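Owing to the predicted nature of the structure, the values given are computational and were not obtained by experimental measurement.
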Amino acid sequence: MAATWLWIFRCSVHALLVVCLTLHADQVDNHLQEYTRGLADELWALLSGQDANRAHALELYTTDDSIAHVHQVVENYFLVPDVALGRFRVARCTTDDASDMGMPCPALRLQHSLTAPLQIQRYYELRRANESSWPVGLRYDSPVEASRAFFDALISMELSLRLESRPPRRALALSHPSPEYTNWNVSFAYDLTAQGQIHGAMVARRLLPSLTVAVAPSDFVVRYAVFIVLAIVYQVIHSSARSESSRSQVLELVHLCDTVPSRTNLVTILAHLYSVEPWFTVVSCMNVATVAVSCQAWQYAGHLAYFEQLTLTFASICGVAWLSSLRYLHANARFYILGLTLRRGLPRVVQFLLGVGPLFVGYVLFGTVVFGSQVPRFQGLTTTATTLFAIANGDEVRLTFDSLAATPVLGQVYLYSYIMLFTYVVLMVCIGIIEDAFFSSAFPTLWKQPKGDAGLSAETWARIRRLVEDETQLEAPHFAAVQAAILDRVRTRLPDDDAEAKSH
């Protein structure tokens with residue numbers, strides 16, 4: 001009875017921890033991302049003057065366009081607080097001071113190639129309405145020969161801009177009326193390694209806040225304390241429950257370690273460690289990570305309510321918390337049908353795909369070498385692999401056929417053979433393997449079983465058990481106490497041949 005209540009209490013603590021982590025992730029997302037979603041698009045449109053696109057990239061083909069674009073970005077940067085619908089602050093850079101309002105002026109980093117092996121970097125601090133702060137090759141009044149020599153020696157350049165944004169007003173702002181701003185570093189990178197064109201891209205990164213809040217908020221302090229308490233309590237309960245239910249397994253493991261070391265015994269020990277309770281390591285890592293992240297968040301709770309990011313660690317904790325909930329569904333196979341299907345079908349799918357892998361790599365290499373110089377969809381191994389994977393799943397098949405119109409015969413043969421092989425054969429085989437695993441897991445009595453899986457009769461099992469017990473008494477009499485429990489568990493895992501014989 002006590003074990004049952006302990007199990008119920010452990011499930012309740014785990015469910016409470018999962019629900020709290022989920023609600024916290026949802027509230028943090030709504031609290032912060034409402035003004036960070038689309039902010040990169042907004043900055044791209046404000047600074048570059050172009051329509052928002054997903055890649056935030058552009059291509060320049062002339063020196064005049066390149067010079068005009070860089071100047072336009074810097075000029076738009078100083079105009080952002082006056083013309084933008086959102087609330088922004090930028091560095092004025094109208095004096096000779098190195099910074100303004102704690103923010104540096106726009107910085108330009110140039111990488112030149114003087115000779116083949118020698119490269120040099122130069123840095124420029126760009127000021128408002130000050131043409132002399134620019135490099136000679138990027139000035140509006142520079143001669144054509146100077147601009148040409150500048151771009152011929154240039155490998156790459158990067159324009160870094162610092163600004164601050166204010167989130168929309170919320171009910172929380174009533175208790176903290178002072179404006180809070182978030183620092184952003186916007187970088188425009190220009191790559192000049194391609195012949196005849198410049199590839200430009202913008203990246204916006206969020207930095208630490210400016211800490212201009214008058215009163216340090218403490219919204220999430222109590223919440224982080226609850227996370228720490230729940231994680232510690234859950235770990236203590238989980239460890240105590242495991243220690244009570246695994247004494248026989250520990251004795252068995254000690255006996256295995258006392259035997260003569262050999263390859264077979266080492267493999268047995270590793271398999272035993274995995275089969276004792278594989279969820280213990282997962283749950284322990286989740287609890288330790290929860291405590292660590294909560295302590296880190298608690299340390300910066302003074303301004304974390306306005307800045308916190310859903311880091312990889314916190315996202316992993318939420319995912320593992322929900323994943324570890326599957327362990328409570330093992331009691332009923334119908335609730336755990338996905339796990340049983342993957343356990344039986346995934347190894348065979350992986351083995352089959354490993355056999356198909358060389359053929360897929362061959363198609364990738366062939367497509368990259370033959371069509372890469374003409375078709376953007378096949379430029380590079382990664383791009384070609386992505387294109388072929390999308391085609392195998394029925395995505396943009398007609399567009400890919402049209403893109404290979406320059407080589408009609410070879411392109412048609414290449415795509416037709418790939419589609420017939422991977423779409424009609426490889427995918428169908430994978431579906432068949434998973435289907436077989438599903439039906440054998442969901443309907444084990446109705447699904448056909450291999451002949452080699454026939455169960456042992458009661459007489460045969462009794463004889464095997466008697467022989468094992470006799471040998472154990474001779475070789476390891478101290479191990480006989482736990483041998484009976486081990487043999488009982490082995491017997492439950494073997495199919496019963498008597499029921500099948502009676503049905504016939």
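Between Leu110 and Ser156, every side-chain heavy-atom pair lies at or beyond the 4.5 Å cut-off. Using a 4.5 Å heavy-atom cutoff, the side chains of Leu17 and Met286 are in contact. Under the 4.5 Å side-chain criterion, counting only non-hydrogen atoms from C-beta, Phe378 is not in contact with Thr368. When side chains are defined from C-beta on, Glu59 counts as touching His199, because their heavy atoms get closer than 4.5 Å. Looking only at side-chain heavy atoms (C-beta outward), Val203 and Phe188 stay at 4.5 Å or farther from each other. Between Leu161 and Trp184, the closest side-chain pair of non-hydrogen atoms is not below 4.5 Å. Residues Pro106 and Ser160 are not in side-chain contact: their nearest non-hydrogen atoms beyond the backbone lie 4.5 Å or more apart. Counting heavy atoms from C-beta on, the side chains of Tyr123 and Gln121 come closer than 4.5 Å.
For Ser440 (side chain) and Ala437 (main-chain N/O), a donor-acceptor pair under 3.5 Å exists by modelled atom type. Not one N or O on the side chain of Ser133 forms a donor-acceptor pair closer than 3.5 Å with the backbone of Leu126. Checking side-chain atoms of His14 against main-chain N and O of Ala321 turns up a donor-acceptor pair under 3.5 Å. Using modelled atom types, one side-chain atom of Asn287 and one backbone atom of Val283 make a donor-acceptor pair closer than 3.5 Å. Remark: the backbone N or O of Gln72 is paired with a side-chain donor or acceptor of Asn76 at under 3.5 angstrom. Remark: the backbone N or O of Ala91 is paired with a side-chain donor or acceptor of Tyr77 at under 3.5 angstrom.
With sequence neighbours excluded, the residues forming a salt bridge (charged side-chain N to carboxylate O under 4.0 Å, His left out) with Arg465 are Glu469, Asp488, listed by chain and number.
Smallest separation of non-hydrogen atoms from Ala231 and Val291: CB-CG2, 3.7 Å. A pairwise comparison of heavy atoms in Leu58 and Gln50 identifies CD1-NE2, 3.6 Å as the closest pair.
Among Thr383, Thr382, Leu381, the single residue meeting the side chain to side chain contact (heavy atoms under 4.5 Å, CB included) criterion with Val364 is Leu381.
A distance of 9.0 Å separates CD1 in Ile198 from OH in Tyr190, rounded to the nearest 0.5 Å. Going from atom CZ of Phe422 over to atom CG of Leu388 covers 8.0 Å, rounded to the nearest 0.5 Å. With rounding to the nearest 0.5 Å, the separation of CG in Leu43 from CG in Leu39 is 4.5 Å. Note that SG of Cys11 and CD1 of Ile237 are 10.0 Å apart. Values are rounded to the nearest 0.5 Å. A distance of 10.0 Å separates CD1 of Ile228 from OG1 of Thr290, quoted to the nearest 0.5 Å. Put simply, CZ on Arg377 and CD on Glu396 are 4.5 Å apart, with the number rounded to the nearest 0.5 Å.
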Check against side chain to side chain contact (heavy atoms under 4.5 Å, CB included), Met157 and Val70: CA-CA 10 Å; Met157 62 180 178; Val70 179; 3.8 Å; yes
Side chain to side chain contact (heavy atoms under 4.5 Å, CB included) assessment of Cys105 paired with Arg127: CA-CA 7 Å; Cys105 295; Arg127 297 193 171 273; 3.7 Å; yes
Verdict with reasoning, Met202 to Val186, per side chain to side chain contact (heavy atoms under 4.5 Å, CB included): CA-CA 7 Å; Met202 188 203 76; Val186 183; 3.6 Å; yes
Full working for salt bridge (charged side-chain N to carboxylate O under 4.0 Å, His left out) between Arg348 and Asp436: CA-CA 11 Å; Arg348 290 187 289 171; Asp436 180 80; 3.2 Å; yes
Verdict with reasoning, Leu159 to Ser187, per side chain to side chain contact (heavy atoms under 4.5 Å, CB included): CA-CA 6 Å; Leu159 179 62; Ser187 174; over 6 Å; no
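Around atom CG of Leu85, no more than 12 heavy atoms belonging to other residues, nucleotides or ligands sit under 6.0 Å away.
Note: His56 and Trp44 have parallel aromatic rings, judged against thresholds of 30 and 60 degrees for the angle between ring planes.
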